[in-house]
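What follows is a single structure, written as structure tokens, with notes after it.
Just so it is clear: chains get the letters A, B, ... in the order the sequence lines come, proteins before strands, and each one is counted from 1. Just the heavy atoms: all of them, side chains too, but no hydrogens, waters or symmetry mates, feed the values below.
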Amino acid sequence: MSDPFVKVRDLRIGATVYPPGEKPHDIEIVHGVSFDLEKGRVLGLIGESGAGKSTIGLATMAYGRGGVRITGGEVWVNGRDIMQSSLGDLRRLRGGEVTYVSQSAAASFNPAKRIMEQVTEAAIKQGKFSRHEAEQRAVYLFKKLGLPDPEHIGRRFPHQVSGGQLQRCMTALALCPEPDLVVFDEPTTALDVTTQIEVLMAIKEAIAATGVAALYITHDLAVVAQVSDDIMVLKTGDMVEYGTTDQIINNPQEEYTQALVSVRSIDHEEKQPSPSPALKIENVTARYRGTNFDVLKNVNVELHPGQTLALVGESGSGKSTLARVITGLLPQRVGRIHFAGRDLDPVMKNRSKEDLRELQLIYQMADTAMNPRQTVGTIIGRPLEFYFGLKGKEKQKRIQDLLDQIELGEGFQDRYPAELSGGQKQRVCIARALAAKPKMIICDEVTSALDPLVADGILKLLLDLQKIEDVAFLFITHDLATVKAIADSVAVMYRGEVVRYGTKSDVLSPPFDDYTDLLLSSVPEMKLGWLEEVIAHRKMESAGN
Amino acid sequence: MGPALRLVVQRIALGLLLLFLVSILIFWGTLILPGDVAQAILGQSATPEALANLRDELGVNDPPLTRYFEWLGGVLTGDLGTALTNGKDIAESIGSRLENTLFLAFWAAVIAVPLAILLGLLAVRYRDRWPDKLISGVTLSTISIPEFLIGYVLMYFVGVKLGWAPTVSMIHDGMNLGQKLHSIALPVAVLTLVVLAHMMRMTRAAILNVMQSPYIETADLKGLTKFNIIWKHAFPNSISPVVNVVMLNLAYLVVGVVVVEVVFTYPGMGQYLVDHVSKRDLPVVQACGLIFAAVYITLNMIADVVSILSNPKLRHPK
């Protein structure tokens, strides 16, 4: 039997780190990973952030981001050890034999050049095709990937096509030089679920049609289950489990894999609406300055004390805009916002300190929501001084209580944000919001940037805090699993309108309106063949109409 | 009308408005200068009657607003007035000198701009290695040394010792292009050395900024060579800041060459301006000031327009 097409043995990857307050030193981030990959097969690399998935993917191109470098092991591609290759050989490998699809096509396309030029560049440069041949192949791929107007879309600039289309163009870019191996690095993570499903199908069909070998990197097990033949589970640079997709999904051996596979472990019982809502939004319509269309159209929703209202929708549906209107950052044109027994002034400047205190915010990016030069104690202490005038011992005591509430210990007071993990940072932001003793907190995609297990912890914490503090949450999210886990009532938004609204059990049970049906059926399920089922079902329906 | 065209028209309109405001400022500024042109012409021994007569004749006694609009009307029709001191037509005197100054600036720019950008690209290519440090070191030294000193040093070594180029840069209409270029070789070299560092460092910084972008990684993973990546993928996205600095330096080449012109006794605008400032010849000073302001504003306007046009989002809206 001949050697496998891609053979990785005991791959070790190192990097230089610069921790605050310490001398820079070298660490190992991937500790001896081995796998094989044949042509026409797809290997899924799965794990949380920091597991080393992308690093391993890029290593098959002998490429390291920043200070990352391969320190040991062998990487055989197409019968030669690329660790021993010269720089010239590596250039022929990159973009010729091995190509790469990145997470954010929007950032990975050069904004100054037309799509066609970028898609065909590697194939022409590597001498695989003439310009004419490469362009023909690009058009063939555009067609294959289901892009609109495949003959002419290449003439556009990256900003002139949508995010989902650009991600498919990126796939065409990777497939154009007829590579032997394609590395897909979270290619659908930045997309809305309804777009993700299309791109996923396009990628899967393109892989099958061209017979390439593929590495598919993602943190979403449900996604990888749809496209890969084998799966490798990674954790902090170590291989945890490696097997066929069927085995990993249906019969995981390791505890860590089981935790990843098991659905959300949160048990949340839906509360009944109370007679007096904490927040009542009536007929709110809003538009941004200098534009002539409404981004919110006649929105009516209620949020009850101590409960959670989930606002669901895709990017551009207006859910964050509604949060801006409620906070007074974007005054509404029409309508009323009734909060805690009074009408809120549309303009934030005119609101009282009490209005501000009772309505707090937690953001998606905890990183940018905190001053990097302030300690955790200062960050949490600020609202205590500002709203309650607390000082000295009293303030210290309250900070300590809050830290206990978010399950962080004594030592965290003097730490800086840079010394915290992503989950810990988000916890500090929660403590800062709670410090004001608000009646309501707007949570804007607070778990979207976090790994699933960490996000789970945050959601549990929020639910626990809700019970103790009796605070209402307006929970903005695009993730339906999160909605199922924590919401009492749900509002589905689409193009600035609330298309479905009610208690969670009502909203999430049939009969559905068209959009909610599309949204719900697009959420990847952790079972083999789900993607084909959904696509087949949709084709049948559209044929039936 | 596309957003790019609208912005370009806006920039040009703003530029014209600015030029108008500057003309007011120049006129007003020269009004409040101390001194009296009549006194300067007639000397200390002039009688009061002679001074009054001359002032009348020169029109210095009219109200400022009238004089401003008369002056502005003249300027717009190409009449810059006559010099108070020698009665010659200013437009005529400036004409050939402006041409000489622009000739010198043009050739300095032709050499300096591509060279600066090439050095910037090389500095990025060999970032933090010896070529980068050498380029930075040399260009920073030449910008730090006063231009007259570089001028005299070049004059001594290249002009006197080696005898490669004349130390006095006289040009006249009878010379052909080759002779003229030979004649201005040294001042061009000095100007190039002076403006190189600024443009080179901006090119380097702007490209390094872009080199962090994910699309540079995409290009890297296509197997392109480093220089290809810098030239084809990074440079087109850093044009805007580079053009702004290039234009500032071009403006400097036109309006800031006074010292170099004097060092090489080159018959340009600088020398002419200095002569007439010392004689309080207001019409000449106003005319020179307006021309310099127009050069500055026009070049910066071009920089803005190029910046706008280099943005594909404005050039090709959705």
B/Y215 to A/S108 - nearest heavy-atom pair and separation: CB-O, 3.4 Å
Under 3.5 Å: donor-acceptor pair, side chain of B/H316, backbone of A/H159: no
Contacting moiety of A/L90, where chain B heavy atoms sit under 4.5 Å: neither
Toward chain B, the part of A/F109 with a non-hydrogen atom under 4.5 Å: backbone
Exceeds 12 heavy-atom contacts within 6.0 angstrom, atom CZ of A/R69: yes
Interatomic spacing from CZ in A/F157 to CZ in B/R315 - rounded to 0.5 Å: 5.0 Å
Contacts with chain B made by residues 121-129 of chain A (heavy-atom distance under 4.5 Å), listed by residue number: A/E121, A/A122, A/K125, A/Q126
Pairs of heavy atoms under 4.5 Å with chain B: top-ranked of A/A105, A/P177, A/P158, A/G95: A/G95
Pairwise salt bridge (Lys or Arg N to Asp or Glu O under 4.0 Å) hits with a residue in residues 115-127 of chain B, at least two apart: none
Test item: A/K113 side-chain N/O and B/P236 main-chain N/O as donor-acceptor pair under 3.5 Å: no
Over 12 foreign heavy atoms within 6.0 Å of NZ, B/K232: no
Nearest heavy-atom neighbours spanning A/R91 and B/T225: NE-CA, 3.6 Å
Top contributor to chain A interface from B/D220, B/T218, B/I216, B/L221 [non-hydrogen pairs under 4.5 Å]: B/L221
Neighbour count >12 (heavy atoms, 6.0 Å) for atom CZ, A/R80: yes
Closest-packed option against chain B by number of heavy-atom pairs under 4.5 Å, given A/G96, A/A174, A/A107: A/A107
Under 4.5 Å from a heavy atom of chain A, the part of B/I239 involved: neither
Gap between atom CG of A/L173 and atom NZ of B/K222 - 0.5 Å precision: 4.5 Å
More than 12 heavy atoms from other groups under 6.0 Å of NZ on B/K313: no
Residue A/L58 versus chain B: region with a heavy atom under 4.5 Å: side chain
